[in-house]
Each structure stands twice: as C-alpha cells, then as structure tokens.
Amino acid sequence: MKKISLRFGGIVALDGPSFEIAPGEICGLIGPNGAGKTTLFNCVSGLYRPDAGSIMLGETDILALRPDQVAGAGIARTFQNLGLLPTQTVLDNVIAGASHRARTGMMAAALGLPSVAREERRERERARAVLDRLGLSGYESHLASGLPLGTLKRVELARALMLEPRLLMLDEPANGLIHEEVEELGALVRELRRELGFSVLLVEHHMGMVMSVCDHLVVLNLGVKIADGPPEQVRRDGAVVEAYLGGS
Ligand SMILES: Nc1ncnc2c1ncn2[C@@H]1O[C@H](COP(=O)(O)OP(=O)(O)OP(=O)(O)O)[C@@H](O)[C@H]1O
Ligand SMILES: [Mg+2]
C-alpha cells in the first residue's frame, strides 16, 4: 500500500504510510493506541475509503472494490471486538465467513434449485473441516454467546479461513487471552501460514507474540510510519522505543 491518508474531521488517523507485505510473510503492524492500525484494516477491507493513496493485492486495485468484493479477492479479517453473531451457532457463524460466494446464487436460492442445497452442503463440510483443524469440532452446535473468549477468537479465525484468504488480517487476536493461549495462538498462526501459504497482517499489543511470530514489523504512531524492517532491528529503533515510552 502506498501513501494512505484518512482524516476524521480534524483528526489525521492515517498520514501517508506506505509498506509492502511479501507473499507468505507474517507482517506485524504495531504502535500505541490511536496509531491508526484498525483504521488501516478498515481501509484495506473496504469499510473506510482513504482520502488518498493506493492499496494493491497483487495486480488487484483493492480501493476499487466493495467490502464483499475485497473478501472475494481473498482478504479476510478478524475484528478487535469480535464480529461474531452471538445468537447463531458456531457452525453457522463459520459458514457465514463464505457468504460472499453464496450471494452470487441468490436467485437460484430463491427458486429453490437443487444446486443450492448442494452448495450449502459443501459449505457446511468445509466449515466442519476448518473447525476440526482448529480443534473446535466439539463446539459446532453451541451458540456463540457464552463461549469463553479464547474459543470465540478461534471461531472468528475459522470464519476468516472460510474465505481461503491470500491475506489474513488479525486485529489484536491475543487481547484478553491468558499467557498459554497466546503462545498456542502464535504457533497456530505460523502453522496455518505454512500449510495454507497466505500472508498475514497482525495487529497486536502483545509484544511477546509479535516478536515470536512476525517476519517483518511496521510501526505506526499517530498515523505516521516510524519504522519498517526485521523485528530485531525495529525493536532497537530509537523512534519506536520513544513512541512506546512517551505514549503510555
Ligand atoms: N470512525 C471514526 N470516526 C472518528 N475518528 C476515528 C474513527 N475511527 C478511528 N478514529 C480515530 O482515528 C485514530 C486512529 O484510531 P484507530 O482505531 O485506527 O487506532 P488503533 O491504532 O487501532 O488503536 P488501538 O491500539 O487502541 O486499537 C484515533 O484518533 C481514533 O480516535
Ligand atoms: Mg485498533
């Protein structure tokens, strides 16, 4: 992405950051509260329209797409405050992750064509396989409400995987998890990346996870990119240390 900028009234949430994520790489996006990390996710997923700049996925101009088309292009995300439907079962929440596909068949669905039932069965099978891979088989028919946060975070990850993403964006996946769960999650993200080959953009305040999981770090502060490089180098960067110590 290049020179992304976005203001909300007088607040400059993003002030021109540019960076690239290599195929198959886990890129950490870090910075103090209010740095613009979630805003940047919202720009990539088509929820916000930047005032200027460009975002490309390979040859595809992401800013020309609607949010469902961005998902269709292979960009999946999880939300800082969980985006699950509490009154739906875990299985239905995960199936909903692929709903951009079903949309193309809305007319067929209205007509009750057999192809629809076939597609539903296929999506159900895929969702079961993803839940199984994430160790969540036992939760299929549970309602999302009432499950522990660590489980819900994995359900949200399962929903994102239904898109078979090229880029998986995770917004604070470790927030609220206990130490052991954070380590498991970090290992899982690396395993899934190896198995499925996607790139990851990881927003996370948990520095232990960031340092152990990421291949590359980008640091934002007040909408400006202040560092970009290998984790070890970024960690020693004076501007980064200053932003963290000075900010909180
Ligand atoms: N919809 C909005 N309307 C107005 N201001 C917004 C909106 N979304 C974000 N902002 C502002 O933009 C700035 C960046 O916010 P953002 O949520 O992107 O930060 P963040 O880096 O994700 O922070 P955190 O680590 O706390 O999640 C903040 O000053 C925030 O108040
Ligand atoms: Mg945020």
Side-chain angles (χ1 to χ4, degrees), residues 1-21 26-55 62-63 65-67 70-71 75-84 149-150 152-154 156-157 159-160 165 167-179 181-182 185-186 189 199-214 216-229 231 234-235 237 239-248:
M1 62 190 72
K2 285 205 184 113
K3 300 199 167 145
I4 303 300
S5 46
L6 179 58
R7 313 172 144 262
F8 296 106
I11 298 170
V12 183
L14 289 171
D15 197 2
S18 302
F19 63 94
E20 286 189 18
I21 306 170
I26 302 182
C27 177
L29 179 64
I30 63 172
N33 296 117
K37 305 178 299 292
T38 298
T39 302
L40 190 132
F41 269 33
N42 288 337
C43 289
V44 177
S45 47
L47 300 177
Y48 293 167
R49 174 84 23 200
D51 301 323
S54 80
I55 303 178
I62 291 301
L63 295 183
L65 306 179
R66 296 189 310 264
V70 173
I75 297 184
R77 71 175 291 182
T78 63
F79 290 85
Q80 189 165 348
N81 301 310
L82 288 177
L84 297 171
L149 185 66
L152 291 173
K153 294 254 177 184
R154 260 185 306 153
E156 218 196 1
L157 178 59
R159 186 181 60 175
L167 174 66
L168 175 64
M169 301 198 294
L170 305 172
D171 199 351
E172 301 199 21
N175 185 27
L177 301 188
I178 59 171
H179 183 72
E181 291 175 321
V182 175
L185 180 68
V189 169
S199 309
V200 178
L201 184 60
L202 171 70
V203 165
E204 190 46 71
H205 287 290
H206 195 294
M207 286 311 286
M209 178 176 181
V210 167
M211 295 305 294
S212 65
V213 166
C214 296
H216 168 194
L217 286 187
V218 172
V219 189
L220 291 183
N221 187 29
L222 299 173
V224 177
K225 185 177 89 170
I226 58 169
D228 184 343
V234 166
R235 184 159 69 165
D237 189 297
V240 175
V241 173
E242 169 113 2
Y244 273 94
L245 295 181
S248 53

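Values in this document were obtained by computation on a predicted structure and should not be read as measured data. Order of appearance sets the numbers: ligands from 1, and atoms from 1 within every ligand.
The side chain to side chain donor-acceptor pair (under 3.5 Å) with Glu172 is formed by just one residue from the set Lys37, His206, His205; it is His205.
Asn42 CG to Arg49 CZ: the interatomic distance, rounded to the nearest 0.5 Å, is 12.5 Å. Atoms CG and OH, from Leu63 and Tyr48 in turn, are 15.0 Å apart once rounded to the nearest 0.5 Å.
When distances to the Mg ion (ligand 2) are checked against a cut-off of 2.8 Å, Thr38 contributes an N, O or S atom below that limit. Between the Mg ion (ligand 2) and Gln80 there is an N/O/S contact shorter than 2.8 Å.
Using a 4.0 Å cut-off between charged nitrogen and carboxylate oxygen, Arg159 and Glu156 count as a salt-bridge pair.
Residue-environment remark: CD (Glu20) stays at or below the threshold of 12 foreign heavy atoms within 6.0 Å.
Glu204 is listed as a side-chain neighbour of Pro173, based on a closest heavy-atom distance under 4.5 Å. Leu201 places none of its side-chain heavy atoms less than 4.5 Å from the side chain of Val218.
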Between ligand 1 and the protein, find all N/O pairs closer than 3.5 Å and give the distance for each.
| unit_1 | atom_1 | unit_2 | atom_2 | d |
| --- | --- | --- | --- | --- |
| ligand 1 | 1 (N) | Tyr48 | OH | 3.1 |
| ligand 1 | 18 (O) | Thr38 | N | 3.4 |
| ligand 1 | 18 (O) | Thr39 | N | 2.9 |
| ligand 1 | 18 (O) | Thr39 | OG1 | 2.5 |
| ligand 1 | 19 (O) | Gly36 | N | 3.4 |
| ligand 1 | 21 (O) | Ala35 | N | 3.1 |
| ligand 1 | 21 (O) | Gly36 | N | 2.9 |
| ligand 1 | 21 (O) | Lys37 | N | 2.8 |
| ligand 1 | 21 (O) | Lys37 | NZ | 2.8 |
| ligand 1 | 22 (O) | Thr38 | N | 2.9 |
| ligand 1 | 22 (O) | Thr38 | OG1 | 2.8 |
| ligand 1 | 23 (O) | Gly34 | N | 2.9 |
| ligand 1 | 25 (O) | Asn33 | ND2 | 3.3 |
| ligand 1 | 25 (O) | Lys37 | NZ | 2.7 |
| ligand 1 | 25 (O) | His205 | NE2 | 2.8 |
| ligand 1 | 26 (O) | Asn33 | ND2 | 2.9 |
| ligand 1 | 27 (O) | Gln80 | OE1 | 3.1 |
| ligand 1 | 27 (O) | Gln80 | NE2 | 2.8 |

